[in-house]
Protein chains: 2
Amino acid sequence: MSDPGLACCTPLSSTAMSAEQAEQVAPLLKALADPVRLRLVSLIASSTTGEACVCDLNEAFDLTQATISHHLKVLHSAGLLVREKRGVWVYYAVRPEALSAVAGLFSTPALAPA
Amino acid sequence: MSDPGLACCTPLSSTAMSAEQAEQVAPLLKALADPVRLRLVSLIASSTTGEACVCDLNEAFDLTQATISHHLKVLHSAGLLVREKRGVWVYYAVRPEALSAVAGLFSTPALAPA
DNA sequence: TCGGGACATCGACGGGCGTCGATGCGACGA
DNA sequence: TCGTCGCATCGACGCCCGTCGATGTCCCGA
């Protein structure tokens, strides 16, 4: 577009996030970018045992069981939750490394301006 | 669904994220849940002056100027960026309080399991 | 005054997302 | 063996999102 000879501002030469890194982290944020899924992760993480079964999670929302199962699948596919079937019930727990990977985004100099 | 008399697991009694809080933070995450917008914020934040003009941001992507402008508008509408027009060029800078609001999500006990 | 450059906006298109009812699948109890 | 319960999957619907070309708007220099 603009001529490389004249620069209107700084050339953004500092170390920013790479395109590959952005493509990796974006799905994690996309999985969390939903009020229902955000509350699901919060409910599971804040549980005393660190895990929760689907039957209790269903009662926390005014949504169909199919919808909750769909959201849990999205979080599980993104690698944010682990699934464990014990008898009749299914328990979900958070993957701390996945959550810390997102948390590290806002601590790196690539996103923290100060 | 299940009878309240028999509980299959812990009742999730710990302090989790409220529905209102989830509705407030989810748009911020949704604005960041895109590889292009993630790189845009990273490019602006990692700039030496803390700001960047649209003309340079356009050259960092193989996208149309209209698309970049659209992404910048999404980030601006979410409150993540501030807009300042200086002469012919428009400069964007990150709002640190918005970014720290998202970063605080992964530091609160509602999401940090350990 | 007028031409041109920088950026925003518009309208349109294709694809993905959130939600639902219905159905399938395992695991337990009678 | 058979019913039932917990959960996943399927198909469908409406809506929003990312991207584009075309056009509008504002500002500066000639």
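Lettering of chains follows the sequences in order, A, B, ..., and the numbering in each one begins at 1.
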Sugar-phosphate only, base, or nothing, as touched by A/Phe61 at under 4.0 Å among non-hydrogen atoms: nothing
Side-chain N or O of A/Arg83 closer than 4.0 Å to phosphate OP1/OP2 of D/dA8: yes
B/Arg37 side chain near D/dG18 phosphate (N/O to OP1/OP2, under 4.0 Å): yes
Answer whether the closest heavy-atom distance between the side chains of [X] and [Y] falls below 4.5 Å.
X: A/Arg37; Y: A/Val41; answer: no
X: B/Leu99; Y: B/Leu80; answer: yes
X: A/Leu105; Y: A/Met17; answer: yes

Rounded to whole angstroms, how far apart are [atom1] on [X] and [atom2] on [N]?
X: A/Leu40; N: C/dG18; atom1: CG; atom2: P; answer: 12 Å
X: A/Glu84; N: D/dA8; atom1: CD; atom2: P; answer: 14 Å
X: B/Trp89; N: C/dG5; atom1: CH2; atom2: P; answer: 13 Å
X: B/Leu75; N: C/dA8; atom1: CG; atom2: P; answer: 12 Å
X: B/Tyr92; N: C/dA6; atom1: OH; atom2: P; answer: 16 Å
X: B/Lys73; N: D/dG18; atom1: NZ; atom2: C1'; answer: 14 Å
X: A/His76; N: D/dC7; atom1: NE2; atom2: P; answer: 15 Å
X: A/Lys30; N: D/dC16; atom1: NZ; atom2: P; answer: 17 Å

Among B/Leu72, B/Leu81, B/Val94, side-chain contact (heavy atoms from CB on, under 4.5 Å) partner for B/Leu40: B/Leu72
Test applied, side-chain contact (heavy atoms from CB on, under 4.5 Å); reference residue, B/Tyr92; option that passes from B/Val54, B/Leu43, B/Val82: B/Val54
For A/Ser77, side-chain contact (heavy atoms from CB on, under 4.5 Å) partners two or more places apart: A/Lys73
Per-nucleotide protein contact string for nucleotides 19-30 of chain D, where B marks a base within reach and S marks sugar-phosphate only (heavy atoms under 4.0 Å, - for neither): BBBB----SS--
Rounded distance (nearest 0.5 Å) linking atom CG of A/Leu57 with atom CZ of A/Arg39: 10.5 Å
